[in-house]
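Working notes for the structure below.
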Amino acid sequence: MNIFKAMKPEKVYESLVHIPWEELYGNGIETALLDFDNTLGPDHATEPEEYSYECVKMIEEKGIKCCLVSNAKSGRSAKIAEMLGIPVVTYANKPGTSGIFRAIELMKTTPAKSVMVGDQVFTDVIAGNRAGVRTFMVEKLHKKEIWYVLLKRPFEKLVRLIGRF
């Protein structure tokens, strides 16, 4: 896969609430693979916020199952997923594809029936595209981010400028 093609999501949305979940369900999507940090909740939070619960409920009410797919340590992301009442794949190794494929297997689905949603080009989008799932990017939920993500953001901005997304 061309590296520039791997970095481009199908579409960018302001947030999870702006994604047309009902339309996706009607087009055969049955599983949402969701990043947590700055997608579904605050970066490096130890528990979900109200927005997190509302998004999971909204997606599931449209008929789509949710699975947390996180590079975070297993203890933190497992606790968050448990609180949200959804399955989780920890140490997802994004931009590698192993976490995406573990989530697809866990959810008993296929790449064609899945969508990966996250806030970062260099992890979420690349992993999803390389695994053959649809990819949507959302703008980061909060300004606060851990230092190593902040280091990547200028490069991501450049990629988005060149790729026009």
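Treat the numbers as computed from the prediction; the structure is a model and nothing was measured.
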Do [X] and [Y] have side chains that get closer than 4.5 Å, going by heavy atoms?
X: Ile100; Y: Val133; value: yes
X: Lys11; Y: Arg134; value: no
X: Ser70; Y: Thr90; value: no
X: Val89; Y: Leu68; value: no
X: Tyr51; Y: Leu141; value: yes
X: Val121; Y: Met137; value: yes
X: Ser77; Y: Phe36; value: no
X: Val17; Y: Cys55; value: yes

Quick one: pull up [atom1] in [X] and [atom2] in [Y] and give me the separation to the nearest 0.5 Å.
X: Met83; Y: Lys79; atom1: CE; atom2: NZ; value: 5.5 Å
X: Asn71; Y: Asn93; atom1: CG; atom2: CG; value: 7.0 Å
X: Lys62; Y: Glu23; atom1: NZ; atom2: CD; value: 12.0 Å
X: Glu54; Y: Ser52; atom1: CD; atom2: OG; value: 9.0 Å
X: Asn27; Y: Glu22; atom1: CG; atom2: CD; value: 11.0 Å
X: Ile104; Y: Ser114; atom1: CD1; atom2: OG; value: 4.5 Å

What's the shortest heavy-atom distance between [X] and [Y], and which atoms?
X: Ala81; Y: Pro87; result: CB-O, 4.2 Å
X: Ser98; Y: Ala92; result: OG-O, 3.8 Å
X: Ile59; Y: Ala32; result: CG2-CB, 4.2 Å
X: Cys66; Y: Ile86; result: O-CB, 3.6 Å
X: Pro9; Y: Val125; result: N-CG1, 3.6 Å
X: Pro111; Y: Ala131; result: CB-O, 3.8 Å

**Request:** Return yes if a side-chain donor-acceptor contact under 3.5 Å exists between Glu30 and Thr109, otherwise no.
**Result:** yes
Could you see if [X] belongs to whatever hydrophobic cluster contains [Y]? Use Ile, Leu, Val, Met, Phe, Trp, Tyr and a side-chain cutoff under 4.5 Å.
X: Val138; Y: Val115; value: yes
X: Leu84; Y: Ile64; value: yes
X: Val88; Y: Leu33; value: no
X: Met58; Y: Val56; value: yes
X: Tyr53; Y: Ile19; value: yes

**Request:** Considering only NZ, NE, NH1 and NH2 on the basic side and carboxylate oxygens on the acidic side, decide whether Lys94 and Asp35 come within less than 4.0 Å.
**Result:** yes
**Request:** List in chain and number order the residues that pass ring pair (Phe, Tyr, Trp, His ring centres under 6.0 Å) with Phe136, two or more places apart in sequence or in another chain; answer none if no residue qualifies.
**Result:** Tyr13
Does [atom1] in [X] sit with more than 12 non-hydrogen atoms of other residues, nucleotides or ligands closer than 6.0 Å?
X: Phe165; atom1: CZ; answer: yes
X: Glu82; atom1: CD; answer: no
X: Glu49; atom1: CD; answer: yes

Is a donor on one side and an acceptor on the other found under 3.5 Å between the side chain of [X] and the backbone of [Y]?
X: Trp21; Y: Leu16; result: yes
X: Asp124; Y: Asp119; result: yes
X: Lys65; Y: Met107; result: yes
X: Arg130; Y: Ala6; result: no

**Request:** Determine, stepwise, if the pair Val12 / His18 fulfils side-chain contact (heavy atoms from CB on, under 4.5 Å).
**Result:** CA-CA 10 Å; Val12 179; His18 292 95; over 6 Å; no
**Asked** Per the side chain to side chain donor-acceptor pair (under 3.5 Å) rule, which among Lys140, Lys152, Glu156 passes with Gln120?
**Response** Lys152
